[in-house]
Amino acid sequence: MTMRQRCQYLSVVLLLGVTGCGAPDRSPPAGQPREEREAGAAIADERRLPVTPYRNYPYAFSDDREEVLRRLAERRAKGPSDDELLEEISRTAFGYFWHEAHPRTGFIYDALSNRSSSSAATGFGLASLCVADFRGWITKEEARERVQKTLRAILEDPGWEHIEGLFYHWVDAGTGRWAGAEGMCLHDHVALICGVMVCREYFKGTEIEELADRILRMANWSFLTQAGKGTISERTGFLTNVASPDNHDWGGVVEYDGMKLDYLLPIGAAQWPVDPSYWDRWANTYQWGDYKGRYHRITRAALWIHQWDNCYLDLFCMRDAYADYFQNSVENTLANRQWCMDNGMYSAEAWGLTPTTGPNPDGDGTVYGNYGAPPPPAGSWQQGHVQDGTIAFTAAAGSLVFTPEESLLVLRYMWDELRDRMWGRYGFTTSFNLQKNWFSADYIGIDLGPVILAIENYRSGFVWKYFMRSPEVRRALNLAGFVGVVDNFDPMEHSHPYAAWSVTGTGSQLRRVEGYAFEGTHSLAIRPGAAPRQTRIQAQPLRRDFSWHAWMGLYVAGADARIPFEVWIVDGADRAIQLDALPVQPALRAGEWELFVWKLPAPDTVNLEDIRKVVFAPLTSPARGELFVDHIFLGDDAPPGM
């Protein structure tokens with residue numbers, strides 16, 4: 001469904017079901033009775049769940065960072081701890097997926113105001129069930145029973161209706177029959193499959209794994225490349241975005257549209273995969289831009305576009321030939337926030353624009369608005385043209401992993417100042433508009449799902465860990481050319497460098513050089529001191545998890561780039577191991593920059609999930625000339641040229 005059609009469809013539904021200006025549902029918070037919640041808390045304590053963020057360091061810097069930290073400190077002093085607040089928000093939001101599901105199928109209702117089932121909402125619900133078990137909000141038996149019910153209902157006859165194993169967006173929640181609106185939407189089909197994959201990995205070794213595998217094997221991904229003779233997918237070479245019986249092919253997935261997983265899952269599929277060239281063709285349609293000369297990024301106005309796949313894909317300090325997508329989401333979130341702050345109807349404590357429900361222009365009803373900012377290039381889909389002061393709860397909350405402090409400040413403001421107006425049975429309702437004194441009475445599954453998953457990834461990395469174990473994901477990222485980044489020495493506008501560097505050895509120096517690089521714009525220059533053989537260069541990488549990779553490589557240029565040197569990695573327990581060098585074909589060693597590659601060790605020798613240091617000893621030239629290092633990266637499968 002296009003955004004215009006979605007807006008028209010949901011506007012009718014919401015106008016029938018919700019006035020938008022009434023008080024939120026005041027029934028007790030969702031979930032278990034107090035004694036059961038306390039038992040769940042005890043389970044969580046036994047599991048020693050983290051109370052500090054999964055990545056316990058700042059990785060986004062807004063221009064007003066000091067002011068953000070000051071306001072956060074003031075609000076923290078008079079309220080619950082961050083972990084207590086996030087626990088309450090996510091646990092209560094989970095109640096939507098526990099209670100707003102059809103009792104026979106487990107399919108999730110799209111919203112309180114729309115009782116059709118949404119494939120995306122059901123996918124978020126499946127992943128949230130795993131989170132709920134992990135956190136002790138429900139028992140493992142309850143989680144397993146609900147997941148089994150849902151997966152069986154998807155598979156039964158007729159099950160969730162589909163085209164070539166690609167599921168319709170909207171179905172009757174009790175029967176799985178197509179609801180007649182839209183058809184198969186690739187974004188939403190993939191969102192459902194992502195939830196299935198998390199369940200498969202979390203409940204590995206059970207019937208759920210077998211059910212999930214059957215669902216995954218249904219998809220004929222190659223259908224997306226040939227949805228009909230003369231259709232857009234065939235003419236343009238992009239994957240079909242929407243297909244239905246009455247209109248076979250509504251268009252291709254182009255621009256930075258929806259989820260990277262729209263292309264990655266078809267590429268990495270075990271059967272009927274699509275060719276990896278589709279990834280390159282799609283990536284070449286990205287529209288890059290900035291906001292007021294800053295926030296350089298792939299421009300898309302709505303924050304959901306930068307959130308959904310990052311609920312599952314952990315691309316922190318990873319990139320392909322086109323972008324660092326995690327960093328791209330940081331810049332888009334901060335650009336959205338800055339645009340809000342530059343417009344008086346929003347503030348540093350109340351920002352966040354993405355499609356959601358809002359007041360209609362006359363103030364007597366509710367519409368689904370295409371909110372988003374900054375305005376994208378002319379002609380771009382999902383313009384984000386509606387900016388009337390309506391703020392989506394899911395916007396800042398779903399961006400918690402990108403902008404921790406900035407998002408927490410919004411959540412604390414809502415908790416302190418707006419709770420009496422928009423906290424109901426499932427926690428915060430979907431949106432609010434301070435200019436019009438309007439507060440939504442609705443809850444929407446695809447708004448609450450990203451909140452739960454983003455909060456859990458911020459707290460523990462739980463969803464990332466299980467989803468990234470999927471063989472389809474690993475295969476897809478390899479085929480699309482993704483690598484882990486130890487450092488590429490190119491500066492990032494609002495984030496830490498990839499690694500912190502230091503050098504030991506009398507007179508030895510390190511400096512970043514602009515204009516001379518293997519790729520990008522910068523490299524690291526190393527000038528040895530009086531005793532070059534005693535020079536040790538050390539990096540503390542932001543990407544600490546090396547476990548996903550098989551080898552590390554880097555490029556060196558200088559007076560003598562062929563010299564041997566030792567490379568060590570050190571884990572959080574100070575266990576160190578020297579890496580074995582791997583040969584590289586001479587053809588790849590021609591030219592100014594030389595490639596060196598090392599094999600990563602077995603996980604029993606060092607904790608590859610927590611690498612704190614990479615040490616080069618020595619990384620210098622015998623001629624005592626300056627060496628240049630660039631593109632230190634982590635790869636899987638065979639290194640280049642092997």
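Hydrogens, waters and symmetry mates are skipped; everything else that's a heavy atom, side chains included, is used.
- The aromatic rings of Trp282 and Tyr263 lie parallel to each other, their planes meeting at an angle below 30°, with 60° marking the opposite boundary.
- Classified by interplanar angle (parallel below 30°, tilted 30° to 60°, perpendicular above 60°), the ring pair Tyr286/Tyr322 is perpendicular.
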Salt bridge (charged side-chain N to carboxylate O under 4.0 Å, His left out) between Arg297 and Glu493, worked out:
CA-CA 10 Å; Arg297 70 213 187 282; Glu493 187 175 357; over 6 Å; no
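- The aromatic rings of Phe462 and Tyr466 sit tilted, their planes meeting at an angle between 30° and 60°.
- Cation-pi geometry between Arg91 and Phe94 is not met: the NZ or CZ atom fails to fall both under 6.0 Å from the ring centre and inside 45° of the normal.
- The aromatic ring centroids of Phe482 and Trp279 lie less than 6.0 Å from each other.
- Relative ring orientation between Tyr555 and His631 is described as parallel, the plane-to-plane angle staying below 30° on a 0-90° scale split at 30° and 60°.
- Using bins of under 30°, 30° to 60° and over 60° for the plane-to-plane angle, the ring pair Tyr295/His494 lands in the parallel bin.
- Between Trp548 and Asp314, the side chains place no donor N or O within less than 3.5 Å of an acceptor N or O (distance only, hydrogens not considered).
- Heavy-atom contacts from other residues, nucleotides or ligands closer than 6.0 Å to NZ of Lys599 number 12 or fewer.
- Between Phe124 and Tyr312, the angle of the ring planes stays under 30°, which puts this pair in the parallel group of the 30/60° scheme.
- Ring geometry, Trp464 versus Tyr54: the interplanar angle falls from 30° to 60°, so the pair is classed tilted.
- Classified by interplanar angle (parallel below 30°, tilted 30° to 60°, perpendicular above 60°), the ring pair His306/Tyr256 is parallel.
- Thr535 and Ser508 share a donor-acceptor pair across their side chains, judged by distance under 3.5 Å alone.
- Between Glu566 and Trp598, the side chains place no donor N or O within less than 3.5 Å of an acceptor N or O (distance only, hydrogens not considered).
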